[in-house]
Amino acid sequence: MTLDKSEADCLFCKFSSGEIATDIVYQSEHVMAFRDINPQAPTHVLIIPRRHIATINDLDEPGAADIGRLFLAAKEIATQEGFAGEGYRVTMNCNAAAGQTVFHIHLHLLGGRQFGWPPG
Ligand code: 5GP
Ligand code: ZN
């Protein structure tokens, strides 16, 4: 299977532009976040840069600022959702071995339950 990593047909770019509606929990100039369609925890939010970056391997210097903003959003959403103090998991998968399926980088924010280590 060939996986499309381009911006032209990117689902998460369409969420960011509003072309496709999604369950938004956080928005700013550079970042947005929405609930995962297949949640793996009581709260499972995907936090994305508005700028299309396919994978961590495609990150450049300007992208580094976006990555910082994803974590600032994670902290804010965890506080909003009420589990910042209790604890939560943030994960970013890169390419096939880690299970990346959508090629617009996203930080998974998972909260509301106990997490195991090492992850599967
Ligand atoms: P990855 O496997 O690339 O790290 O994560 C992709 C995530 O996107 C998965 O957790 C999957 O459930 C989620 N996802 C895929 N399609 C959609 C969709 O159409 N809407 C939402 N809200 N999440 C999606
Ligand atoms: Zn995209």
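Ligands are counted one by one from 1 in listed order, and the atoms in each one are counted from 1 as well.
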Any side-chain heavy atom of Ile67 sitting closer than 4.5 Å to one from Ile105? yes
Looking at every heavy atom in both Gly112 and Pro42, which two are closest together, and how far apart are they?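 Heavy atoms only, the tightest pair is O-CG, 3.3 Å.
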Quick one: closest heavy-atom pair of Ala74 and Leu107, and the distance?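 Taking every non-hydrogen atom into account, CB-CD2, 4.2 Å.
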Stepwise side-chain contact (heavy atoms from CB on, under 4.5 Å) check, Thr43 with Arg35: CA-CA 8 Å; Thr43 293; Arg35 295 193 190 278; 4.1 Å; yes
Can you measure from [atom1] ([X]) to [atom2] ([Y]) and round to the nearest 0.5 angstrom?
| X | Y | atom1 | atom2 | answer |
| --- | --- | --- | --- | --- |
| Glu19 | Leu11 | CD | CG | 10.0 Å |
| Ile48 | Met32 | CD1 | CE | 5.5 Å |
| His30 | Ser16 | NE2 | OG | 11.5 Å |

Quick one: does Gln40 get within less than 4.0 Å of ligand 1, heavy atoms only? no
For the residue pair Phe34 and Phe12, does the interplanar ring angle fall in the parallel (under 30°), tilted (30 to 60°) or perpendicular (over 60°) class? perpendicular
For ligand 1, which atoms have a heavy atom of [X] less than 4.0 angstrom away?
| X | value |
| --- | --- |
| Val102 | 3 (O), 6 (C) |
| Phe34 | 22 (N) |
| Phe15 | 18 (C), 19 (O), 20 (N) |
| Asn38 | 12 (O) |

Using a 3.5 Å distance criterion without hydrogens, assess whether the side chain of Gln100 forms a donor-acceptor pair with backbone atoms of Ala54. yes
Under 3.5 Å donor-acceptor, Arg50 side chain and Ser28 backbone: yes
Look at [atom] and say which protein heavy atom is nearest, naming residue and atom and giving the distance to 0.1 Å.
| atom | answer |
| --- | --- |
| atom 10 (O) of ligand 1 | Asp36 OD2, 2.5 Å |
| atom 24 (C) of ligand 1 | Ile37 CG2, 3.5 Å |
| atom 2 (O) of ligand 1 | Gly99 O, 2.8 Å |
| atom 22 (N) of ligand 1 | Arg35 O, 2.9 Å |

Listing request: all ring pair (Phe, Tyr, Trp, His ring centres under 6.0 Å) pairs with a residue in residues 51-80, at least two apart in sequence or in separate chains.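 The answer is His52-His104.
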For the NZ atom on Lys75, are there more than 12 heavy atoms of other groups (residues, nucleotides or ligands in this structure) within a distance under 6.0 Å? no
Begin from the C-alpha positions of Gln40 and Arg113 and carry the test side-chain hydrogen bond (donor to acceptor under 3.5 Å, both in side chains) through to its verdict. CA-CA 10 Å; Gln40 301 301 310; Arg113 68 169 170 86; 5.8 Å; no
Looking only at N/O atoms, are [X] and ligand 1 under 3.5 Å apart anywhere?
| X | value |
| --- | --- |
| Phe12 | no |
| Gln100 | no |
| Thr101 | yes |
| Leu46 | no |

Can you list, by chain and residue number, the protein N, O or S atoms under 2.8 Å from the Zn ion (ligand 2)?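 Per the 2.8 Å query on the Zn ion (ligand 2), atoms found are Cys10 SG, Cys13 SG, His52 ND1, His104 ND1.
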Which is it for His106 and ligand 1 at heavy atoms under 4.0 Å: side chain, backbone, both or neither?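 Answer for His106: side chain.
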Where on Leu11 is there a heavy atom closer than 4.0 Å to ligand 1, on the side chain, on the backbone, on both, or on neither?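 It is the side chain that gets close, since no backbone atom is under 4.0 Å.
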